[in-house]
Trainee: 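Attaching a single structure in structure tokens format; questions to follow.
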Number of protein chains: 4
Amino acid sequence: MDPHHFVQINTGSPEPIYRQLVEQVRRRVAAGQLMAGDEIPSVRELAQALAVHPMTISKAYSLLEMEGVLERRRGLSMVVAAQHQQAQPRASRIELLRPTLQKAADEARQLQLPAAEVIGLLTQLLDETNA
Amino acid sequence: MDPHHFVQINTGSPEPIYRQLVEQVRRRVAAGQLMAGDEIPSVRELAQALAVHPMTISKAYSLLEMEGVLERRRGLSMVVAAQHQQAQPRASRIELLRPTLQKAADEARQLQLPAAEVIGLLTQLLDETNA
Amino acid sequence: MDPHHFVQINTGSPEPIYRQLVEQVRRRVAAGQLMAGDEIPSVRELAQALAVHPMTISKAYSLLEMEGVLERRRGLSMVVAAQHQQAQPRASRIELLRPTLQKAADEARQLQLPAAEVIGLLTQLLDETNA
Amino acid sequence: MDPHHFVQINTGSPEPIYRQLVEQVRRRVAAGQLMAGDEIPSVRELAQALAVHPMTISKAYSLLEMEGVLERRRGLSMVVAAQHQQAQPRASRIELLRPTLQKAADEARQLQLPAAEVIGLLTQLLDETNA
DNA sequence: GTGGTCTAGACCACC
DNA sequence: GTGGTCTAGACCACT
């Protein structure tokens with residue numbers, strides 16, 4: 001796994017880096033892009049690739065290990081955990097998206113925007129994002 | 001304006017209180033629920049109603065003033081700014097929703113969820129939220 | 001003296017209104033535009049003309065009275081004080097300008113701007129302002 | 001950067017400390033004395049050096065960050081922002097001086113002082129200030 | 001009455 | 001170590 005393409009972080013975001021890492025890895029495992037047994041970049045490798053402090057990477061990996069998403073292997077490298085069913089069913093995957101969509105719905109209500117308008121914009125963004 | 005219904009805050013949220021205030025007021029002005037010239041609760045009034053420190057309210061009000069949403073009238077309470085045309089046109093209002101929807105679109109891509117599924121859940125949440 | 005042309009205030013300025021009043025009157029007396037014995041607008045008149053709280057006007061007038069620029073006359077109206085030599089000599093008048101020019105000089109040094117450039121801009125602004 | 005020479009404040013001035021900080025830093029960056037990427041003293045360091053409360057420093061830094069003059073690096077000290085090109089061209093730098101010079105011009109008009117006299121005093125003050 | 005500034009000091013999150 | 005947030009409470013300036 002090329003560390004430069006493993007995850008992308010945005011240092012300007014208000015979201016802490018370690019959390020960006022955790023959530024991206026969690027989603028990629030859920031989506032089946034990372035499969036059980038796959039090796040992930042070492043802390044040092046990824047820290048250098050992302051120009052981030054190694055402790056930040058280490059913190060993210062530890063959290064993912066506690067969650068059962070990653071496993072520490074003999075030696076040093078970590079791998080995607082076996083028992084963690086990779087590629088969760090869609091019904092389960094979409095639950096990971098619920099909090100963000102709920103936030104959008106709350107904001108839409110406060111802005112008194114009609115549902116059609118909100119859905120229109122999301123449709124457009126989904127198109128662009130996947131392009 | 002009754003200070004108890006002016007805004008609602010959630011002290012448990014990771015989002016700082018002052019930012020919750022800023023965003024709610026910004027949205028209420030954009031939606032036209034607060035009109036140009038409307039008086040807003042005084043710092044002390046709102047602080048007491050929400051049981052937070054006056055400085056927290058003051059910080060939020062100051063940021064809204066810098067944004068041009070509120071206007072200070074020295075010695076008097078603040079009002080919704082005049083030039084900030086009340087009830088922005090919808091084309092502009094929906095822009096306030098774009099960041100959250102973009103985040104949702106990004107997450108959906110990483111989860112490799114089909115657009116229809118994402119839109120389905122949002123539609124459902126919009127219904128429930130407005131109910 | 002028409003109250004609308006007596007002074008001009010800028011409610012948006014960070015400078016308090018009462019101080020704007022004090023300094024403008026002081027300068028107009030120093031310049032000889034207001035002469036000893038001239039009546040000035042009443043507190044109520046001016047407050048209405050400027051759309052400002054009467055106490056603000058009153059505070060300014062009181063300060064000018066303490067300075068000896070204005071005098072309270074029998075009845076209600078105030079007049080420019082007699083003993084205050086109206087139309088101070090230029091050598092004295094320019095001293096009223098010194099603090100502002102000193103501030104400009106300090107800022108110019110911090111910006112490392114050449115004197116010629118600073119003087120050029122001031123010359124231009126003096127032209128425009130008197131036009 | 002030695003915190004004792006980073007900025008000088010005047011606690012007696014009517015201008016709030018945090019604003020003195022903001023304006024001095026802004027001018028030093030504009031003048032190129034602080035270059036993009038330069039580290040600035042930490043909040044605690046500077047607070048101790050100037051004998052003011054850390055929150056006062058923090059407020060100034062936050063405002064400078066909002067202006068785009070400084071950049072936050074989480075967990076590390078702040079630096080002069082990259083996009084804020086160091087050493088702005090003079091044409092731009094002199095604009096920072098315009099408000100103060102405009103104020104001087106306004107006052108000069110009210111005092112009915114001839115331009116030559118005003119410019120004479122400014123020239124003298126510029127000389128003394130740079131000496 | 002209004003908001004603004006500052007201090008003292010706690011606690012948290014992040015790196 | 002870094003900055004951010006919040007509280008408690010004082011004092012000031014302005015209207």
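Sequence lines set the chain letters: A, B, ... in the order given, protein chains first and strands last, and positions in each chain run from 1. For the numbers below, each heavy atom of this structure counts, side chains included, while hydrogens, waters and symmetry mates do not.
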Trainee: By salt bridge (Lys or Arg N to Asp or Glu O under 4.0 Å), which residues pair with B:Arg73, not counting sequence neighbours?
Mentor: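 B:Arg73 satisfies salt bridge (Lys or Arg N to Asp or Glu O under 4.0 Å) with B:Glu39 once adjacent residues are dropped.
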Trainee: Count the heavy atoms belonging to other residues, nucleotides or ligands that lie under 6.0 Å from CD of B:Glu23, then report whether that count exceeds 12.
Mentor: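 Yes - once you tally the heavy atoms of other residues, nucleotides and ligands closer than 6.0 Å, there are more than 12.
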Trainee: So B:Arg44, base contact, sugar-phosphate only, or nothing? Heavy-atom distance under 4.0 Å.
Mentor: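 The residue B:Arg44 makes base contact.
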Trainee: Looking only at non-hydrogen atoms, find the nearest pair between B:Glu67 and B:Val22 and report the distance.
Mentor: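 So the minimum-distance heavy-atom pair works out to OE2-CG1, 3.9 Å.
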Trainee: For A:Gln8, is the CD atom crowded, meaning more than 12 foreign heavy atoms sit under 6.0 Å from it?
Mentor: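 For A:Gln8, atom CD is not crowded (no more than 12 foreign heavy atoms under 6.0 Å).
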Trainee: Taking any atom under 4.0 angstrom from a heavy atom of chain A, which nucleotides of DNA chain E are the first and last to qualify, 5' to 3'?
Mentor: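 First-to-last contact on DNA chain E, by the 4.0 Å heavy-atom rule, is E:dC14 to E:dC15.
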Trainee: Given that D:Leu76 and B:Met78 both sit by DNA chain E, which one's nearest nucleotide is further toward the 5' end?
Mentor: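 This one resolves to B:Met78.
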Trainee: If you count every heavy atom of other residues, nucleotides or ligands that lies below 6.0 Å from C:Gln110 atom CD, does the total exceed 12?
Mentor: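 Counting neighbours around CD of C:Gln110, more than 12 heavy atoms of other residues, nucleotides or ligands fall under 6.0 Å, so yes.
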Trainee: Holding to salt bridge (Lys or Arg N to Asp or Glu O under 4.0 Å), I want the full list of residues that pass it with B:Arg19, two or more places apart in sequence or in another chain.
Mentor: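 B:Arg19 satisfies salt bridge (Lys or Arg N to Asp or Glu O under 4.0 Å) with no residue once adjacent residues are dropped.
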Trainee: Please give me every residue in residues 14-27 of chain A whose heavy atoms get under 4.0 Å of an atom in DNA chain E, ordered by residue number.
Mentor: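 Here the set is A:Pro16, A:Ile17, A:Tyr18.
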Trainee: More than 12 heavy atoms of other residues, nucleotides or ligands under 6.0 Å from CD of C:Gln24: is that the case?
Mentor: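 Yes, because the 6.0 Å sphere around CD of C:Gln24 holds more than 12 heavy atoms from other groups.
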Trainee: Give the dot-bracket line for DNA chain E from 5' end to 3' end: parentheses for intra-strand Watson-Crick or G-U pairs under 3.5 Å, square brackets for crossings, | for inter-strand pairing, dots for unpaired.
Mentor: ||||||||||||||.
Trainee: Which atom pair, heavy atoms only, marks the closest approach of B:Thr56 to B:Leu21?
Mentor: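 Taking B:Thr56 first and B:Leu21 second, the nearest heavy atoms are O-CD1, 4.4 Å.
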Trainee: Looking only at non-hydrogen atoms, find the nearest pair between B:Pro3 and B:Ala49 and report the distance.
Mentor: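 Looking at all heavy atoms of both residues, the shortest contact is CB-CB, 3.9 Å.
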Trainee: Sub-3.5 Å donor-acceptor pair from the side chain of C:Arg28 to the main-chain atoms of C:Phe6, do we have one?
Mentor: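 It does hold such a pair.
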Trainee: Taking all non-hydrogen atoms of both residues, which atom of B:Leu96 and which atom of B:Ala30 are closest, and how far apart?
Mentor: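 So the two residues come closest at CD1-CB, 3.6 Å.
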Trainee: Could you say whether D:Tyr61 or B:Gly75 is positioned toward the 5' end of DNA chain F, judged by the nucleotide with the nearest heavy atom to each?
Mentor: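 Going by which nucleotide is closer to the 5' end, it is D:Tyr61.
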Trainee: Just one of B:Lys103, B:Arg27, B:Arg98 clears the salt bridge (charged side-chain N to carboxylate O under 4.0 Å, His left out) bar with A:Glu107, so which one?
Mentor: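 Going through the options one by one, the only one that passes is B:Arg27.
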Trainee: Just checking, any donor-acceptor pair under 3.5 angstrom between side chains of B:Asp106 and B:Gln102?
Mentor: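 Yes, B:Gln102 and B:Asp106 have a side-chain donor paired with an acceptor closer than 3.5 Å.
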Trainee: Within residues 49-57 of chain C, find the residues that approach DNA chain E with a heavy atom at under 4.0 Å, and present them sorted by residue number.
Mentor: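 Those residues: none at all.
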